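Here is the structure we will look at.
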Amino acid sequence: MGKLDGRVVVITGAARGQGEQEARLFAAEGAKVLLGDVLDEQGAAVAKEIAEEAGADRVRYVRLDVSREEDWAAAMAAAKEAFGRVDGLVNNAGILRFNELASTPLEEFRQVVEVNQIGAFLGIRAAAPEIAAAGGGTIVNTSSYTGLTGMAYVGAYAATKAAILGLTRVAALELAAKNIRVNAMCPGAVDTPMANPGLLDPAGMTDEARDAMAELYKRVVPLGRVGRPEEVAKLALFLTGEDSSYITGQPFVVDGGWMAGVSVL
Ligand code: NAD
């Protein structure tokens with residue numbers, strides 16, 4: 001028996017990285033999954049692989065730009081048409097831009113807010129009535145280490161990730177009576193194309209750059225390594241499944257101990 005048997009979960013940004021692993025794990029645990037992303041080719045390919053493993057009736061891919069209201073309406077309609085209802089959402093899609101705050105162009109700041117913050121808001125707004133109509137369920141938002149503590153050169157990103165924690169708490173309060181639990185994940189450094197652009201083009205990353213990155217994580221992360229997207233997916237599974245039935249409104253840090261402090265060992 002899977003931990004998500006009978007559940008219907010929409011996962012954004014599911015074409016690669018953490019969203020992809022969440023979609024694969026949730027399907028393996030019995031859920032029906034609707035994958036959304038703006039990378040259509042990659043998203044459809046992931047959905048096809050899941051269909052081969054879990055069955056074609058258990059997965060769909062739709063184009064879902066999380067910053068567009070009309071895309072959210074279409075995604076909810078597609079999920080209901082394919083699976084009859086929606087009782088889970090993982091707001092995973094996000095973008096990162098590096099810049100000093102004092103040099104960040106307004107357009108860049110706005111773009112990060114549009115995807116990370118407004119995207120999560122629109123997702124909660126679109127999914128909550130559907131989940132309520134299904135009798136209850138879960139929303140998992142993706143914040144970050146930077147939603148809880150500072151990090152230079154990611155000001156726009158950190159602001160949106162802190163905002164997601166605010167959204168999470170308020171949504172948890174407002175939706176509890178409808179039997180909807182809302183929690184947030186705060187990953188540290190996770191080995192996906194966002195944190196490691198070398199994954200997009202391994203040939204473009206030198207051995208020195210790879211070694212330097214491994215050395216950095218060894219130094220700053222107590223567990224001595226970067227996280228794997230599968231490890232974040234397991235937290236998303238916990239927060240979506242019955243094992244977390246008495247938990248709502250909380251941020252969960254998954255960072256190999258990075259936030260615990262500076263290690264002198
Ligand atoms: P990633 O870049 O590999 O994946 C992000 C996915 O979101 C991509 O498939 C991308 O196409 C999609 N996306 C971007 N803009 C979108 C939009 N407007 N609409 C729909 N989809 C869109 O990175 P990841 O590490 O898998 O990131 C997943 C989430 O985890 C993000 O919210 C990110 O901020 C967060 N996070 C990542 C790390 C890390 O170190 N990788 C750390 C903390 C938090």
Side-chain angles (χ1 to χ4, degrees), residues 10-25 34-47 61-72 74-75 89-98 108 110-123 126 139-149 151 153-154 156-165 167-168 184-201 213 216-217 220-221 225-236 239 251-256 258-259:
V10 174
I11 303 172
T12 68
R16 71 179 194 204
Q18 295 172 37
E20 173 187 346
Q21 295 308 324
E22 286 155 5
R24 289 183 186 280
L25 180 60
L34 184 98
L35 286 64
D37 207 296
V38 291
L39 298 174
D40 293 333
E41 225 170 277
Q42 261 175 278
V46 172
Y61 171 80
V62 293
R63 182 178 184 82
L64 167 56
D65 178 338
V66 294
S67 65
R68 292 168 55 96
E69 281 184 285
E70 53 275 38
D71 284 14
W72 274 108
L89 168 67
V90 181
N91 270 324
N92 162 77
I95 57 172
L96 172 65
R97 297 287 180 270
F98 291 100
E108 181 176 305
R110 280 207 173 113
Q111 192 196 8
V112 176
V113 170
E114 284 278 334
V115 177
N116 296 4
Q117 184 173 337
I118 293 182
F121 155 65
L122 289 177
I139 297 175
V140 178
N141 296 321
T142 308
S143 175
S144 163
Y145 175 88
T146 63
L148 288 165
T149 189
M151 186 185 289
Y153 306 113
V154 296
Y157 180 83
T160 64
K161 293 301 185 180
I164 284 172
L165 297 181
L167 279 174
T168 300
M185 305 188 292
C186 300
V190 183
D191 200 16
T192 70
M194 176 180 284
N196 181 0
L199 286 177
L200 285 179
D201 176 16
M213 213 139 142
L216 171 74
Y217 293 129
V220 300
V221 178
R225 63 172 175 85
V226 68
R228 292 185 288 271
E230 293 86 342
E231 294 175 306
V232 179
K234 285 183 194 162
L235 177 58
L239 294 174
F252 289 81
V253 178
V254 46
D255 72 343
W258 194 3
M259 206 169 321

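Just follow the structure's listing: the first ligand is 1, and inside any ligand the first atom is 1. Here the structure is a predicted model, which means the values were calculated and not measured. Start at 1 with the first residue, then count along the sequence.
Neither the backbone nor the side chain of Y145 comes within contact range of ligand 1; no heavy atom lies under 4.0 Å. Under 4.0 Å from ligand 1, not a single heavy atom of Q42 appears. Residue contacts with ligand 1, taken as heavy atom pairs separated by less than 4.0 Å, involve V66 via backbone and side-chain atoms alike.
When side chains are defined from C-beta on, L148 does not count as touching S143, because their heavy atoms never get closer than 4.5 Å. Residues E230 and L25 have side chains not in contact (no heavy-atom distance under 4.5 Å, counting atoms from C-beta outward). T160 places a side-chain heavy atom less than 4.5 Å from the side chain of V113.
The shortest contact between atom 23 (O) of ligand 1 and any protein heavy atom is with M194 CB, 3.2 Å. Scanning the protein for heavy atoms near atom 36 (N) of ligand 1, the closest one is Y157 OH, 3.4 Å. Considering only non-hydrogen protein atoms, atom 18 (N) of ligand 1 sits nearest to D65 OD1, 3.0 Å. Nearest protein heavy-atom neighbour of atom 3 (O) of ligand 1: R16 NE, 2.9 Å. For atom 22 (C) of ligand 1, the nearest non-hydrogen atom of the protein is A93 CB, 3.7 Å. The closest protein non-hydrogen atom to atom 40 (O) of ligand 1 is V190 N, 2.9 Å. Of the protein's heavy atoms, Q18 NE2, 3.2 Å lies nearest to atom 37 (C) of ligand 1. Closest protein heavy atom to atom 10 (C) of ligand 1: D37 OD1, 3.5 Å.
Proximity to P193 (heavy-atom distance under 4.0 Å) selects the following atoms of ligand 1: 3 (O). Close contacts of ligand 1 with L39, meaning ligand atoms under 4.0 Å from a residue heavy atom, involve 9 (O), 11 (O). In summary, the atoms of ligand 1 found under 4.0 Å from a heavy atom of S144, numbered by their order in the structure, are 43 (C), 44 (C). Near P187, meaning under 4.0 Å from one of its heavy atoms, ligand 1 places the atoms 42 (C), 43 (C), 44 (C). Proximity to I95 (heavy-atom distance under 4.0 Å) selects the following atoms of ligand 1: 14 (C), 15 (N). Within ligand 1, the atoms closer than 4.0 Å to a non-hydrogen atom of N92 are 28 (C), 29 (C), 31 (C), 32 (O), numbered from 1 in the order shown. Those atoms of ligand 1 that come under 4.0 Å of a heavy atom in L64, given as number and element, are 19 (N), 20 (C). Shown in contact with G17 at under 4.0 Å from a heavy atom are these atoms of ligand 1, numbered in order with element: 3 (O), 26 (O).
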Between side-chain atoms of residues 12-21 and protein atoms elsewhere (two or more places apart, or another chain), which donor-acceptor pairs fall under 3.5 Å?
| from | atom 1 | to | atom 2 | distance (Å) |
| --- | --- | --- | --- | --- |
| T12 | OG1 | N92 | N | 2.8 |
| T12 | OG1 | A93 | N | 2.9 |
| E20 | OE2 | R24 | NE | 3.0 |
| E20 | OE2 | R24 | NH2 | 3.0 |

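When only modelled atom types and interatomic distance are considered, D37 and Y61 share no side-chain donor-acceptor pair under 3.5 Å.
Put simply, part of G188 is less than 4.0 Å from ligand 1, judged by heavy atoms. Ligand 1 has at least one atom lying under 4.0 Å from a heavy atom of A189. A heavy-atom separation below 4.0 Å is not found between E114 and ligand 1. S143 counts as a contact of ligand 1, since one of its heavy atoms falls under 4.0 Å from the ligand.
Note that CG of L39 is 8.5 Å distant from CZ of R63, once rounded to the nearest 0.5 Å. Expressed to the nearest 0.5 Å, how far OG1 of T146 lies from NZ of K161 amounts to 7.0 Å. The CG atom of N116 sits 9.0 Å away from the CZ atom of R97 when rounded to the nearest 0.5 Å. A distance of 6.5 Å separates CH2 of W258 from OH of Y217, quoted to the nearest 0.5 Å.
Annotation: T142 places no N or O atom under 3.5 Å from an N or O atom of ligand 1; distance criterion only. Polar contact with ligand 1: present for T192 (N/O pair, distance under 3.5 Å).
In terms of heavy atoms, L167 sits closest to A120 at CD1-CB, 4.2 Å. Here the closest heavy-atom approach between residue Y157 and residue I95 is recorded as CD1-O, 3.1 Å. Here the closest heavy-atom approach between residue V226 and residue D191 is recorded as CG2-N, 3.6 Å.
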- [ ] In sequence, state the C-alpha distance, the side-chain angles, and the governing distance for L34 and V62, and then conclude on side chain to side chain contact (heavy atoms under 4.5 Å, CB included).
- [x] CA-CA 7 Å; L34 184 98; V62 293; 3.7 Å; yes
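A salt bridge links E70 to R68: at least one charged side-chain nitrogen sits closer than 4.0 Å to a carboxylate oxygen.
The number of heavy atoms from other shown groups lying within 6.0 Å of CZ (R225) is above 12.
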